[in-house]
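Side chains are part of it too, since the values below use all heavy atoms of this structure and drop only hydrogens, waters and symmetry mates.
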Amino acid sequence: MAIRSIRKIGDSILEKKCKEIKEMTDKTRDLIQDMFETMYDANGVGLAAPQVGILKQLFVVDIGDGVRYVCINPKIEAVGEEEQCGEEGCLSVPGKEGIVTRPMKIEVKALDQNMQEYTLEASGFLARAFSHENDHLNGILYTEKVEGELEDVVYEELDEEEVI
């Protein structure tokens, strides 16, 4: 597989809505593997297809809980009104972080790498990561949701789980 280039803020592809994936192909299987490799290489915990230049409804997440999540054509809804407020970063916005409010719990309906439908309830950091990556599929960067100003950050000082 291959490590792909991560698109950075200012690249117009990050502002576009993604298209549904209709069927699993060898090309899409390769993309999923490349996305995991690219994400790990960049010390991230999530990566969406538009971040590597592909306008498809697909993201991957690995927050270190022993599960590698693949979300194809996801639909995400908040569960309850409870919110969480915390720092977020993004592989497409290197060297910056900001405070973002997200739902504390979400329900995700998506397809996995075998195009099998699944439903997942996620809370806490996993809910934050899924919400962040799903925004990418709609052309939204976390910078649009930051409360206050973006701050400069040196990644070596962060815990790995803080960079989405």
Tell me which one of Phe36, Tyr69, Phe130 satisfies ring-ring contact (aromatic ring centres under 6.0 Å, His included) with Phe59.
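Passing option: Phe130.
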For [X] and [Y], indicate whether the former's side chain and the latter's backbone hold a donor-acceptor pair under 3.5 Å.
X      : Y      : answer
Gln84  : Pro103 : yes
Gln57  : Cys18  : yes
Asn138 : Ile140 : no
Ser92  : Ile9   : no
Glu133 : Ala48  : yes

[X] with [Y]: basic N within carboxylate O range, under 4.0 Å:
X     : Y      : answer
Lys8  : Asp11  : no
Lys56 : Glu20  : no
Arg4  : Asp34  : yes
Glu88 : Arg128 : yes

Any side-chain heavy-atom pair of [X] and [Y] under 4.5 Å:
X      : Y      : answer
Val153 : Glu97  : yes
Lys96  : Cys90  : no
Ser5   : Val52  : no
Leu111 : Gln116 : no

Evaluation steps, salt bridge (Lys or Arg N to Asp or Glu O under 4.0 Å), between Asp135 and Arg102
CA-CA 11 Å; Asp135 277 351; Arg102 303 254 187 213; 2.7 Å; yes
Side chain to side chain donor-acceptor pair (under 3.5 Å) evaluation trace for Tyr40 with Asp62
CA-CA 9 Å; Tyr40 295 139; Asp62 184 345; 2.5 Å; yes
Donor on one side chain, acceptor on other, Thr101 and Glu83, under 3.5 Å:
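Absent: no donor and acceptor within the cut-off.
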Around atom CD of Glu149, are there more than 12 heavy atoms of other residues, nucleotides or ligands at under 6.0 Å?
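Open: at most 12 neighbouring heavy atoms sit under 6.0 Å from CD of Glu149.
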Count the heavy atoms belonging to other residues, nucleotides or ligands that lie under 6.0 Å from CD of Glu147, then report whether that count exceeds 12.
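Yes, enclosed.
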